[in-house]
Amino acid sequence: MYVAVMGGERAIENAHRLLAHERRGDRSVPELSLSQISEQLGLAVDRVMSEGALYDRELAALAIKQARGDLIEAIFLVRAFRATLPRFGATEPVDTGAMRVQRRISSTFKDIPGGQVLGPTFDYTHRLLDPGLAEGGNPAAPALAATSDVPMPRVTDILRQDGLIEPSPVAEEDAPVGDLTRDPLSFPAGRDLRLQNLARGDEGFLLALGYSTQRGYGRNHPFAGEIRFGEVEVEFFAEEIGFAVPLGSIELTECQMVNQFKGSATEPPCFTRGYGLAFGQSERKTMSMALVDRALRARELGEDVVAPAQDEEFVMSHSDNVQATGFVEHLKLPHYVDFQSELGLLRKLRREFADANAAPEMKEAAE
Amino acid sequence: MSGEMALQERRKGAMRVLAHVPSAEIGARIAEVAVPSHRELRAAESGLVMVRGRIGGDGAPFNLGEATVSRAAVRLDSGQVGFGYVLGRDSDKARLIALCDALLQSPEHAGAIETKVVAPLRAQMQAAQEQGAAEAAATRVDFYTMVRGEG
């Protein structure tokens, strides 16, 4: 039960004023600009766009600034903002096969058409703090090399040619696509809804669940078939124009996990797959997502559902950090009346306990 | 290709280029063209589109997350209606794209828009994309096999 408590207005107003002051920090230090956040804290921006489920670098940077770098608070701000805008419709599905790749690696094949492209990565760094960065300065310009026109097919497409991996599920041209921002979740949920849920899910939660599958809680023997990051073109079919309009491009990361085989009396064994896709450069997120996507297919693939990562209701109901933080943090709000009733009950129970324990003594004393 | 299809491809091609360029640069290029009298058919507005991906990259669609989009419609006094749709919340950019789209449909102005606005911006966009591709290409791994010991 919630009861409005009056009298806190001035305290709240002053608390927000103090928050703005603390957000600004030492005023002799230059203030952060949104472009500084967007350009120099790009991966934080990517995470806020991904879990805020809204692609807009500038808004995500503003949210990070306003939230003082608290990314879950920033994600909350972005989600609240999106609710204020009308939706024009849904885009044509993006073609990640036509991505302008900045990074593309496979841990299953050394030699793949288009090659292994490392791109901007923390991999192979020594994780030693760099005092040079503390002083600032301009790094060397990136090295350049001749480009080639060799296409970069998805590794799963290559495996698919030989029938070694299961095909992706297909749908009728105009089949409805589940949207959990429009309809409340119900179970069992289709894979479209599960992927939408995971795409906006908390990276830490998905990382822990993905890790749990590797440690044996719903093991599914994954290989990182391919991870790619780069720009894809987005098109939107606008009724009034009559053709799919190019809207520009967005950065995406895609992860294709290749997992243990399935097969049956009628179908030869083949690899199964888990899929991850997220806004920006979000490699850990998409890898975790792909592991959990595969784990959540347990029922479909006839596996025993024994681990948390395989339990769709558990995963989908707890993956959203805005919902989670809302429920956890609401404990901070006044619960005075609730607590008074609990207190009253506890006092009554303690009285009864005291009476019950005092009774034998009194009886003894009486004898 | 029929004339109508060719026009549609030109419009799409122009939109693809203009969507990638900051609005100030489109504005600067349009300033070099004699723009006929026109009006906004629909006030520019910002909203959302739901971006879709495909399961496994090539399967059934799913909703990935939304993106901000701006749109506008412009009508030339000569009757051509142009549309602008672009990612982001820059409604000026949507208006400029709509204006270019309308002009591209006008036989009188299409040539100037193509050569003075779209072509140079396309070259600029391609140069930026090639720079990115060359930077990525420099991080491509060239595997070679170490031979141990002597034959």
Side-chain angles (χ1 to χ4, degrees), chain A residues 50 53-56 59 82 85-94 96-97 100-103 110-111 115-119 142-147 154 156-157 168-171 177-179 191-192 195-196 199-200 234 236 238 240-241 243 245-250 254 256 273 275 277 279, chain B residues 8-9 11-21 42 45-71 73 81-90 93 97 101 129-143:
Chain A
S50 206
L54 181 64
Y55 197 98
D56 188 316
L59 281 179
R82 87 154 265 287
L85 291 177
R87 192 195 283 179
F88 300 152
T91 70
E92 301 294 302
V94 294
T96 53
R100 281 190 295 280
V101 163
Q102 289 182 49
R103 170 169 167 78
K110 180 164 66 70
D111 297 306
Q116 309 258 1
V117 177
L118 301 182
L144 303 177
T147 57
R154 287 177 288 246
T156 42
D157 298 347
S168 296
V170 290
V177 181
D179 186 354
R191 195 158 166 214
D192 52 350
L195 286 172
Q196 183 183 13
R200 58 181 16 224
V234 182
F236 174 71
E240 72 271 33
I241 310 182
F243 58 83
V245 184
L247 298 180
S249 55
I250 60 174
E254 178 183 63
Q256 305 269 5
R273 50 209 283 191
Y275 188 64
L277 187 68
F279 290 149
Chain B
Q8 181 172 315
E9 281 311 304
R11 292 174 66 194
K12 265 188 97 158
M15 288 169 172
R16 190 171 293 122
V17 169
L18 299 176
H20 280 95
V21 188
R42 178 169 68 197
E45 61 172 339
S46 293
L48 303 169
V49 288
M50 174 57 89
V51 178
R52 286 189 172 157
R54 289 189 181 279
I55 300 170
D58 59 351
F62 70 96
N63 289 313
L64 176 63
E66 288 164 314
T68 53
V69 166
S70 298
R71 68 178 177 188
V81 175
F83 297 95
Y85 271 84
V86 66
L87 290 173
R89 285 164 298 119
D90 184 348
K93 187 167 170 178
I97 294 174
D101 184 47
Q129 289 176 356
E130 268 153 35
Q131 170 78 15
E135 289 170 7
T139 69
R140 180 174 284 119
V141 182
D142 286 320
F143 287 106

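Letters A, B, ... are given to chains in the order of the sequence lines, protein chains preceding strands, and every chain is numbered from 1. Since the model is a prediction, treat every value here as computed from it, not as a measurement.
- Nearest heavy atom pair, residue A:Ser50 against residue A:Phe279, reads OG-N, 3.8 Å.
- Taking chain B as the reference chain and counting heavy-atom pairs below 4.5 Å, the highest number among A:Gln102, A:Arg103, A:Gln256 is found for A:Gln256.
- Interface check for chain B: of the options A:Leu54, A:Thr96, A:Asp192, the most heavy-atom pairs under 4.5 Å are formed by A:Leu54.
- For A:Arg200, no part lies under 4.5 angstrom from a heavy atom of chain B.
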| request: Please report the C-alpha distance between A:Leu247 and B:Val86 in whole Å, then the side-chain angles of each, then the deciding distance to 0.1 Å, and finally whether the side chain to side chain contact (heavy atoms under 4.5 Å, CB included) criterion is met. | output: CA-CA 4 Å; A:Leu247 298 180; B:Val86 66; 5.9 Å; no

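- Chosen from B:Ile97, B:Val69, B:Leu18, the residue pairing most often with chain A at heavy-atom distances under 4.5 Å is B:Val69.
- At a 4.5 Å heavy-atom cutoff, the contact between B:Gln129 and chain A is made by side-chain atoms alone.
- Here B:His20 is the residue among B:Gln131, B:His20, B:Glu45, B:Glu130 with the most heavy-atom pairs under 4.5 Å with chain A.
- Of the listed residues (A:Val245, A:Ile250, A:Leu195), the greatest number of heavy-atom pairs within a distance under 4.5 Å of chain B belongs to A:Leu195.
- Contact of A:Gln116 with chain B is made through backbone and side chain together, with heavy-atom distances under 4.5 Å.
- Relative to the six-membered ring of A:Phe88, B:Arg71 meets both conditions, a distance below 6.0 Å and an angle of at most 45° to the axis.
- Interatomic distance, OH of A:Tyr275 versus CZ of B:Arg54, reported as 10.0 Å (0.5 Å rounding).
- Of all the listed residues (A:Ala171, A:Ala199, A:Ser168), the one sharing the greatest number of non-hydrogen pairs under 4.5 Å with chain B is A:Ser168.
- Atom CG of A:Leu277 sits about 6.0 Å away from atom CD of A:Glu254, to the nearest 0.5 Å.
- If you tally non-hydrogen atom pairs under 4.5 Å between each of B:Val51, B:Val81, B:Val49, B:Ile55 and chain A, the highest count goes to B:Ile55.
- In this structure the side chain of A:Thr91 never reaches within 4.5 angstrom of the side chain of B:Met50, judged on heavy atoms.
- Side-chain contact, B:Ser70 with B:Asp90: no donor N or O sits under 3.5 Å from an acceptor N or O.
- If you measure heavy-atom distances from A:Arg100 to chain B, the contacts under 4.5 Å come from the side chain alone.
- Within the 4.5 angstrom heavy-atom criterion, only backbone atoms of A:Glu92 (N, CA, C, O) approach chain B.
- Of the two parts of A:Tyr55, the backbone and the side chain both hold a non-hydrogen atom closer than 4.5 Å to a non-hydrogen atom of chain B.
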| task | Take A:Glu240 and B:Arg42 through the salt bridge (Lys or Arg N to Asp or Glu O under 4.0 Å) test and state the conclusion after the steps. | result | CA-CA 12 Å; A:Glu240 72 271 33; B:Arg42 178 169 68 197; 3.0 Å; yes

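- A salt bridge links A:Asp179 to A:Arg87: at least one charged side-chain nitrogen sits closer than 4.0 Å to a carboxylate oxygen.
- Between B:Leu87 and B:Ala67 the shortest heavy-atom distance is CD2-CB, 3.9 Å.
- Distance CZ/B:Phe83 to CD1/A:Ile241: 5.5 Å, rounded to 0.5 Å.
- Between chain A and the residues B:Ala138, B:Pro61, B:Gly57, the largest count of heavy-atom pairs under 4.5 Å involves B:Gly57.
- Rounded to the nearest 0.5 angstrom, B:Leu48 CG and A:Arg82 CZ are separated by 6.5 Å.
- Using a 4.5 Å cut-off between heavy atoms, A:Phe236 contacts chain B through its side chain alone, with no backbone atom that close.
- Top candidate by heavy-atom pairs under 4.5 Å with chain B, chosen from A:Val94, A:Asp56, A:Asp157, is A:Asp56.
- The candidate with the highest count of non-hydrogen atom pairs below 4.5 Å against chain B, out of A:Gly248, A:Pro93, A:Gly115, is A:Pro93.
- Of the atoms belonging to A:Ala143, heavy atoms from both backbone and side chain fall under 4.5 Å from chain B.
- When each of B:Ala19, B:Gly47, B:Gly59 is checked for heavy-atom pairs under 4.5 Å with chain A, B:Gly47 comes out on top.
- In terms of non-hydrogen atom pairs under 4.5 Å with chain A, the most contact-rich of B:Met15, B:Gln8, B:Glu66, B:Glu135 is B:Glu66.
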